[in-house]
Amino acid sequence: MLRRPFRLRPPGVETAPAGFHARPVEHSRLNRRGLAAGTPAPDFELPDLQGKLWSLRDFSGKRVLLVFAAPDCVPCDELAPDLVDLHDRKRADLEIVMIVRGDLEENLAKASAHGFRFPVLVQKGWQVSKRYARFATPVAYVIDGQGLLATDIAAGPPAIRRLIAAAVPR
């Protein structure tokens, strides 16, 4: 029986497909820190959980709380009641839009369990997250009515709660 020698990979290096070189995350040229306030919000076109296509342009003229989440994200579950509460008391000029990744059935179950009544849009992999320069959940931005990021990225429930409190005072 032939045995391959055991080799540890350096931190941040994943197994690369044949013919490709894996690069440590710290050597990546992708922005992973999020986009700065004042940056035009990247547009997207994604289906919701029922298959209807939505675009950021659909919310033109309104502020948008854009939240990135995942069905297996425990901090996202922790944040969910705050989003439902915000939706219930929101002002007319603020829309909540959640972009999720992962299995459709898992996302349907999660949205139903939390009582989400705002658009939950499904991205493939990290396709939209990449354009917003963050590969983690939960993260959020506020986008103004002209389509510019009104805030820097908020990462994690405490930062997103502060963003919500600033966007919609009680």
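Both backbone and side-chain heavy atoms feed into the values below; hydrogens, waters and symmetry mates do not. Just so we're clear, the structure is a prediction, and the values are computed from it rather than from any experiment.
In this structure, the side chains of L65 and M98 stay at 4.5 Å or more apart for every pair of heavy atoms. In this structure, the side chains of Y132 and I153 stay at 4.5 Å or more apart for every pair of heavy atoms. When side chains are defined from C-beta on, L86 does not count as touching D82, because their heavy atoms never get closer than 4.5 Å.
Both V100 and L104 are part of a single hydrophobic cluster, where members link through side-chain heavy atoms under 4.5 Å apart.
For the atom pair CD (E105) and CG (L49), the distance works out to 9.5 Å, reported to the nearest 0.5 Å. Taking CD1 of I96 as the start and CG of L66 as the end, the distance is 11.0 Å to the nearest 0.5 Å. The distance from atom CG of L94 to atom CZ of F118, rounded to the nearest 0.5 Å, is 11.0 Å. Once rounded to the nearest 0.5 Å, the distance linking CZ of F59 with CD1 of I143 reads 9.5 Å. For the atom pair Y141 OH and T151 OG1, the distance stands at 8.0 Å (nearest 0.5 Å). Distance check, rounded to the nearest 0.5 Å: CD1 of I160 to CG of L83 gives 7.5 Å.
For the residue pair C76 and A70, the shortest heavy atom distance occurs at SG-N, 3.7 Å. Closest approach of A37 to D152, counting heavy atoms only: N-OD1, 2.7 Å. Heavy-atom minimum distance, D58 versus L53: OD2-O, 4.2 Å. Scanning both residues, Q50 and L108, for their nearest heavy atoms gives NE2-CD2, 4.0 Å. Between V128 and Q123, the shortest heavy-atom distance links the atoms N-OE1, 2.8 Å. Between R131 and P42, the shortest heavy-atom contact is O-CG, 3.4 Å.
Residues passing the side chain to side chain contact (heavy atoms under 4.5 Å, CB included) test with K124 are Q127, sequence neighbours excluded. Under the side chain to side chain contact (heavy atoms under 4.5 Å, CB included) criterion, P81 pairs with no residue at all, not counting sequence neighbours.
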